[in-house]
Amino acid sequence: MFKLIFIPLIYVSFYASSQKQTENIIIITTDGFRWQEVFKGMDSALANNSRFNEGDSSYLFSTYWGNNEIERRKKIMPFLWSTIEQKGQIFGNRAFGSRVDVSNPYWFSYPGYSEIFTGFADTAINSNEYPPNPNTTVLEYLNKQKKLKGKIAAFGAWDAFDRILNEGRSGIRVVSAFEPAGGTSPTANERMINKLLKDSYKPWHKEECFDVFTHHAAMEWLKTRKPKILYIAYGETDEWAHSGFYRSYLEAAKQVDKWIKEIWDFVQQDPQYRNKTTIFITTDHGRGDVNKDEWTSHNNKIQDAHEIWFAVMGPDTPVRGELKSDMQLYQKQFAQTIAKLMGYTFKASHPIADEILYIFKMKK
Ligand SMILES: [Zn+2]
């Protein structure tokens, strides 16, 4: 009897007393980028396949091939597999039983992003054209907290983020697709970004811009407006995959890794952010793999497209590197994890899954 109450009490008091050092959080997603490439690097079957290699297999092999998976994955994501591996945690390598999955039944974007930010899988959200999110996102919740109000911004290459994050109701600044950066008082850099954005090639019409514009608009906001919470949603990994362009898919992922390094380098030399910022990186869904043609696609008819991954690094996250033990984690746990890192408990009128305890100091 004594033992039964004693253990939870210690646990609770340790948790309550562990003051969070995270004062800022930067959340990054790269749409539909598979755990297979994150952990195993380039797939030689796809690089050899003339339907997918864009006539460039020699470039693919000279750029991304290596003697083993460890070498190969580092060629796509050198920052993830150096700094983040050495200072943070990387989840989702199913070869070691580290399983991360979406819990929504659809395995595509709007349901995935909604699950990330609302903390639950709302089965009514069954389309990428779904209207403004009726549920509360953790960003909207945090924007109601005194210390964070007006200090949250989101930049997304895809125009659906206005609806996913319910920009109208939440009051969060959401800059998506071809919306100009900088609002009513753009900096000189933002004016230039906006000009280039307007004149750029638009392979996905008005729905989605190239990631380069989203990245630099977000970067300028980070440097000049100093948000406490910043979300950046890159989209090219998914677009190139749908087109069957394996070279472009890998190049987009490599560029995202490079941008994450740029963000982290800035964070670690700026007094507001240095050693007080957590970075959280993930994706909205997986893609096919078993049938080699299915890597281009994802939905609930594509086997394994529910499989995802995530990485985290920051002052409250002990170094664990690549997680190599048996576990089952879900995308719906990210919202409460984000809130807890910021020192809050996310509450809403819908269910919210518990935070991921692995990433905090108090529990292995
Ligand atoms: Zn897609």
Side-chain angles (χ1 to χ4, degrees), residues 27-38 43 46 49 51-52 54 76 92 100-118 121-123 125-131 133 154-165 174 176-178 202-215 231-257 281-310 331-332 334:
I27 305 149
I28 295 164
T29 54
T30 185
D31 198 301
F33 189 58
R34 303 191 302 176
W35 70 269
Q36 285 89 347
E37 275 82 16
V38 172
D43 183 330
L46 300 181
N49 189 325
R51 287 166 52 221
F52 303 134
E54 300 173 74
I76 302 173
V100 190
D101 290 281
V102 307
S103 52
N104 74 74
Y106 304 115
W107 316 353
F108 58 83
S109 288
Y110 193 140
Y113 292 116
S114 183
E115 183 175 335
I116 290 172
F117 287 103
T118 66
D122 181 352
T123 52
I125 296 178
N126 60 357
S127 154
N128 282 340
E129 282 70 50
Y130 199 81
N133 204 328
F155 291 79
W158 187 30
D159 68 356
F161 282 103
D162 296 349
R163 288 177 283 122
I164 294 168
L165 301 175
V174 182
S176 72
F178 293 93
K202 299 172 182 63
W204 309 294
H205 302 286
K206 64 175 178 37
E207 268 184 35
E208 187 165 333
C209 67
F210 282 125
D211 287 341
V212 68
F213 301 109
T214 301
H215 172 74
Y231 172 43
I232 312 176
Y234 301 106
E236 281 185 48
T237 40
D238 187 69
E239 296 293 351
W240 298 130
H242 281 295
S243 302
F245 294 176
Y246 197 59
R247 175 193 156 165
S248 300
Y249 168 76
L250 296 185
E251 300 273 88
K254 189 183 185 180
Q255 185 61 59
V256 167
D257 179 85
I281 308 154
T282 189
T283 190
D284 53 334
H285 54 72
R287 330 189 67 81
D289 186 45
V290 178
N291 173 341
K292 286 296 174 191
D293 285 0
E294 285 184 350
W295 78 277
T296 61
S297 192
H298 60 87
N299 58 56
N300 57 15
K301 310 233 164 18
I302 303 290
Q303 191 181 336
D304 303 334
H306 53 86
E307 299 172 355
I308 59 165
W309 58 277
F310 72 95
Q331 188 176 47
K332 63 184 176 185
F334 299 167

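Just so you know, ligand 1 is whichever comes first in the structure, and atom 1 is the first atom listed for that ligand.
- Between the side chains of N133 and S114, a donor-acceptor pair is found at a separation under 3.5 Å.
- Put simply, H285 stays out of reach of the Zn ion (ligand 1), with no N, O or S atom under 2.8 Å from it.
- Within H298, NE2 is the N, O or S atom that lies nearest to the Zn ion (ligand 1).
- Neither side chain, E115 nor Y106, offers a donor N or O lying under 3.5 Å from an acceptor on the other.
- For the residue pair H306 and N104, no side-chain donor N or O sits within less than 3.5 Å of a side-chain acceptor on the partner.
- The minimum distance between the Zn ion (ligand 1) and any N, O or S atom of D238 involves atom OD2.
- When distances to the Zn ion (ligand 1) are checked against a cut-off of 2.8 Å, E239 contributes no N, O or S atom below that limit.
- Residue P111 is tested with V102, I164, N128 for a side-chain contact (heavy atoms from CB on, under 4.5 Å); the sole match is N128.
- Taking the N/O/S atoms of H242 in turn, the shortest distance to the Zn ion (ligand 1) belongs to NE2.
- Between the side chains of Y249 and S243, not a single donor N or O lies within less than 3.5 Å of an accepting N or O.
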